[in-house]
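Basis for what follows: all heavy atoms, side chains included, without hydrogens, waters or symmetry-related copies. Read the numbers this way: they start at 1 and go in the same order the structure lists the ligands and their atoms. When a residue number appears, it is its place in the shown sequence, counting from 1.
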Amino acid sequence: MRGRLHVVPDADALARAAAGEFLAYAREAIRARGRFTVALAGGDTPRAAYAQVAATWREWSGGPLDWSRVHLFWGDERHVPPSDARSNFRMARESLIVHVPLPRENVHRVPAEMPDPRDAASRYEVMLRDFFELDDRAFPRLDLALLGLGADGHTASLFPGDDAVDEERHLAVAAPGPGNGVGEWRITLTLPVLNRAASVVVLVSGAGKTAMLHRALEGPETEPLLPIQRLRPESGTLVWMVDREAAPWVR
Ligand code: 6PG
């Protein structure tokens with residue numbers, strides 16, 4: 001199995017455990033490097049985790065989190081304005097950002113209101129390059145990439161069979177999303193960025209994910225590999241945080 005597996009009883013416990021991990025990674029990154037850079041995931045499981053972070057950051061045993069040193073990015077975003085109900089930024093704003101003293105300039109959202117999703121991806125890439133002070137060929141090292149898993153094997157907005165999965169040069173690209181562009185487009189970080197993060201945490205909840213989670217953890221690894229199977233941190237840690245329903249085979 002690739003990475004470390006952490007199984008908790010149910011979705012509530014998963015949200016609490018994920019919040020604890022978030023706070024622990026934040027504290028460690030701030031102690032070691034003076035700041036914490038995290039790419040947030042969309043989805044129901046992360047939403048519950050962010051609400052837990054907002055509810056617990058003051059009482060946390062390690063002492064309150066210094067939000068002035070936290071920088072939020074997004075692993076992926078829908079091609080919708082920030083006020084749209086489908087926006088991952090809006091989800092994080094409502095579940096976390098409005099509840100904590102995070103400086104406005106520390107919110108590095110995808111400019112998904114731009115009319116062309118490719119322009120939004122390019123602008124987001126420029127924002128990342130500026131923030132991390134990268135030249136044209138370098139990749140950032142996020143402290144934490146929080147991700148989800150789709151039942152089809154997608155992670156972030158890297159969907160099976162889409163060109164975005166093979167991107168090797170760009171930090172962020174536009175992707176047609178589920179339905180091959182029939183629905184909304186997405187803007188997503190690419191695998192080279194996710195695989196260079198210091199820590200990657202994948203949150204998985206519910207019986208609908210069991211088959212894919214099992215395949216991601218135990219194989220078979222037949223070509224072409226699914227996006228989730230291509231998540232292979234180069235030197236970082238990979239942690240699967242899952243509930244019992246998603247991993248019923250684990251004793
Ligand atoms: C999104 C994310 C997507 C998500 C998974 C799991 O914004 O939807 O791009 O990768 O994390 O689909 O989502 P759930 O936690 O809702 O199952």
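Under 4.0 Å from ligand 1, the heavy atoms of Ala156 that appear belong solely to its backbone.
A salt bridge between Asp143 and Arg33 is present, with a side-chain N of the basic residue lying under 4.0 Å from a carboxylate O of the acidic one. Using a cutoff of 4.0 Å between basic side-chain nitrogens and carboxylate oxygens, Asp66 and Arg31 are not scored as salt-bridged.
Residue, atom and distance of the protein heavy atom nearest to atom 2 (C) of ligand 1 are Asp76 OD2, 3.3 Å. In this structure, the protein non-hydrogen atom closest to atom 15 (O) of ligand 1 is Thr45 OG1, 3.2 Å. At the top of the distance list for atom 8 (O) of ligand 1, counting protein heavy atoms only, stands Arg78 NH2, 2.6 Å. In terms of protein heavy atoms, atom 6 (C) of ligand 1 is closest to Leu149 O, 3.5 Å. Looking from atom 5 (C) of ligand 1 to the surrounding protein, the closest heavy atom is His154 NE2, 3.6 Å. With respect to atom 11 (O) of ligand 1, the closest heavy atom belonging to the protein is Gly42 O, 3.0 Å. Annotation: atom 7 (O) of ligand 1 to nearest protein heavy atom, Asn88 ND2, 2.9 Å. Among protein heavy atoms, the minimum distance from atom 16 (O) of ligand 1 is reached at Asp44 N, 2.9 Å.
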Handout entry: From CA spacing to verdict: salt bridge (charged side-chain N to carboxylate O under 4.0 Å, His left out), Arg123, Glu77
Key = CA-CA 13 Å; Arg123 176 80 62 86; Glu77 183 57 280; over 6 Å; no
Exercise for the section: Mind running salt bridge (charged side-chain N to carboxylate O under 4.0 Å, His left out) on Arg16 and Asp10 for me, showing each step along the way? Expected result: CA-CA 10 Å; Arg16 285 195 300 275; Asp10 54 32; 5.1 Å; no
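Of the possible donor and acceptor atoms, none in the side chain of Ser205 sits under 3.5 Å from a partner among the backbone N and O of Ala11. Using a distance-only test at 3.5 Å, with no hydrogens or angles considered, a donor-acceptor pair links the side chain of Arg141 to the main chain of Arg196.
Contact between Arg186 and ligand 1 is present, with at least one heavy atom of the residue lying under 4.0 Å from the ligand. Heavy-atom separations between Lys209 and ligand 1 include at least one value shorter than 4.0 Å.
Of the candidates Ala49, Gly43, Pro46, Gly43 brings a heavy atom nearest to atom 13 (O) of ligand 1.
Using cut-offs of 30° and 60° for the angle between ring planes, the Phe36 and Phe22 rings count as perpendicular. Between Phe73 and His108, the two ring planes are parallel [angle under 30°; tilted spans 30° to 60°].
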